[in-house]
Undergrad: 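After the structure tokens below, expect a handful of questions from me.
Side-chain atoms are counted along with the backbone in the values below, which use heavy atoms only and exclude waters and symmetry mates.
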Amino acid sequence: MDLDDFKATWQAYEQKLDSAQQSGQQLLTIILRNQSKSTIDKMIRELRMAYVILIGIVLVFSAIIAGNPFDYTHFLHYIPACGYILIAGTGLYFTMRHNNDLRRTTLGTNNLHQALTELIRLRTRHTELMSRVWIMGMLAGSMIMLPNIARKFSDEGWVTTGLLILLPIAVTAVSAGLARMAGLFTDHYRNELEEQVRELDQLL
């Protein structure tokens, strides 16, 4: 075999190696894309439970306001129920918007990295917004006794009434802070997406 034949053989071999490598990369990219689609499907299924909870809260407290089973006589009595409706309605809006974002997301093999990066950004924003919604819901729950406190205001006075209002709020705020520090508001789906991006970076 002369030198020209050797060069031609070597070039053909390199082309086969490049083709095999590209095929392997394409296969791994497809696998990562399928994993990402699975993560999106899991997020969408989880949002259905959020729909049930939030819509249930809106309906329950709307019924309380409409039926007034506790004989509320002052506008202060309605503050906890109205707060719950407002907070749950806000959370419902965020959930619907995020659900639409997830369903519009397309994961192609050519732009997978860009699509995952955008999806992580959307997920980060949604997680932060919903963590605020749940914390505000906890704070609203700490005000559930406000109607009874308002009834006793004339007997207890400003100082005692203020303590009765602020103490549960403070306890709830501290509990929410500890929960955040303990990682209870961590988004595991976002972690999955970030791991998929790291795998894709190593592949490319």
Undergrad: Just grab all the salt bridge (Lys or Arg N to Asp or Glu O under 4.0 Å) pairs involving residues 45-58, residues at least two apart or on different chains.
TA: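 The answer is Glu46-Arg123.
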
Undergrad: Nearest 0.5 angstrom please: Glu118 CD to Asn111 CG, how far?
TA: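 Here the rounded value is 11.5 Å.
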
Undergrad: Go through Thr39 and Leu119 one step at a time and tell me if the side-chain contact (heavy atoms from CB on, under 4.5 Å) criterion holds.
TA: CA-CA 11 Å; Thr39 301; Leu119 185 58; over 6 Å; no

Undergrad: Is there a side-chain contact (heavy atoms from CB on, under 4.5 Å) between Leu32 and Leu116? Walk through the geometry before answering.
TA: CA-CA 10 Å; Leu32 285 174; Leu116 288 178; over 6 Å; no

Undergrad: OH of Tyr93: more than 12 outside heavy atoms within 6.0 angstrom?
TA: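 Open: at most 12 neighbouring heavy atoms sit under 6.0 Å from OH of Tyr93.
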
Undergrad: What pairs with Thr124 under side chain to side chain donor-acceptor pair (under 3.5 Å), at least two apart in sequence or on another chain?
TA: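 Partners of Thr124 under the side chain to side chain donor-acceptor pair (under 3.5 Å) test: Arg190.
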
Undergrad: Under the side chain to side chain donor-acceptor pair (under 3.5 Å) test, which residues partner His126, sequence neighbours left out?
TA: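 His126 satisfies side chain to side chain donor-acceptor pair (under 3.5 Å) with no residue once adjacent residues are dropped.
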
Undergrad: Taking all heavy atoms of Ala115 and all of Thr106, pick out the closest pair and write down the distance.
TA: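 Looking at all heavy atoms of both residues, the shortest contact is CB-O, 3.7 Å.
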
Undergrad: Can you tell me which residue pairs pass the salt bridge (Lys or Arg N to Asp or Glu O under 4.0 Å) test with a partner in residues 81-91, sequence neighbours excluded?
TA: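 Listed once each, the pairs would be none.
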
Undergrad: Do Asn191 and Asp187 come within less than 4.5 Å of each other through their side chains, counting heavy atoms only?
TA: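 Contact flag for Asn191/Asp187 side chains = no.
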
Undergrad: Return the OG1 to CG distance between Thr105 and Asn100, rounded to the nearest 0.5 Å.
TA: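 These two atoms lie 10.5 Å from each other.
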
Undergrad: Could you tell me if the side chain of Asn99 sits less than 4.5 Å from the side chain of Tyr51, heavy atoms only?
TA: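 A side-chain contact under 4.5 Å exists here.
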
Undergrad: So how far is it from Ile65 CD1 to Tyr84 OH, rounded to the nearest 0.5 Å?
TA: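 It comes to 13.0 Å.
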
Undergrad: Any heavy-atom pair between the side chains of Lys42 and Glu192 that's under 4.5 Å?
TA: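 They are in side-chain contact.
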
Undergrad: Stepwise, does the side-chain contact (heavy atoms from CB on, under 4.5 Å) test hold for Ile30 with Asn34?
TA: CA-CA 6 Å; Ile30 292 173; Asn34 291 337; 3.8 Å; yes

Undergrad: Rounded to the nearest 0.5 Å, what's the gap from CD on Gln114 to CG on Leu107? Could you check?
TA: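 That separation rounds to 11.5 Å.
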
Undergrad: Applying side chain to side chain donor-acceptor pair (under 3.5 Å), name anything that partners Lys37, two or more places apart in sequence or on another chain.
TA: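 Counting only residues at least two positions away or on another chain, Lys37 forms no side chain to side chain donor-acceptor pair (under 3.5 Å).
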
Undergrad: Are Ile53 and Val60 in one and the same hydrophobic cluster, where Ile, Leu, Val, Met, Phe, Trp and Tyr link if side-chain heavy atoms are under 4.5 Å apart?
TA: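 Yes: a chain of side-chain contacts under 4.5 Å links Ile53 to Val60.
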
Undergrad: Return the CE to CG distance between Met96 and Leu47, rounded to the nearest 0.5 Å.
TA: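 CG of Leu47 is found 11.5 Å from CE of Met96.
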
Undergrad: Heavy atoms, side chains only, cut-off 4.5 Å: are Arg97 and Leu129 in contact?
TA: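 When only atoms from C-beta onward are counted, Leu129 and Arg97 do touch, with a gap below 4.5 Å.
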
Undergrad: Regarding Glu128 and Arg125, does a basic nitrogen lie under 4.0 Å from an acidic carboxylate oxygen?
TA: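 Salt bridge between Glu128 and Arg125, a charged N being under 4.0 Å from a carboxylate O: no.
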
Undergrad: Would a single hydrophobic cluster contain both Leu112 and Ile31, if residues Ile, Leu, Val, Met, Phe, Trp and Tyr are joined by side-chain heavy-atom contacts under 4.5 Å?
TA: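 Yes; tracing contacts between hydrophobic side chains, which count when under 4.5 Å, links both residues.
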
Undergrad: For residues Leu86 and Trp134: do they belong to one hydrophobic cluster (side chain heavy atoms under 4.5 Å, members Ile, Leu, Val, Met, Phe, Trp, Tyr)?
TA: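 Different hydrophobic clusters.
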
Undergrad: Could you go through Arg104 and Leu122, starting from their C-alpha distance and side-chain angles, then the distance that decides it, and tell me whether this counts as side-chain contact (heavy atoms from CB on, under 4.5 Å)?
TA: CA-CA 12 Å; Arg104 285 199 303 264; Leu122 292 173; over 6 Å; no

Undergrad: Which distance, rounded to the nearest 0.5 Å, do you find between the CG of Asp41 and the OG of Ser36?
TA: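 Asp41 CG to Ser36 OG: 11.0 Å, rounded to 0.5 Å.
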
Undergrad: What pairs with Glu195 under side chain to side chain donor-acceptor pair (under 3.5 Å), at least two apart in sequence or on another chain?
TA: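 Glu195 satisfies side chain to side chain donor-acceptor pair (under 3.5 Å) with Arg198 once adjacent residues are dropped.
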
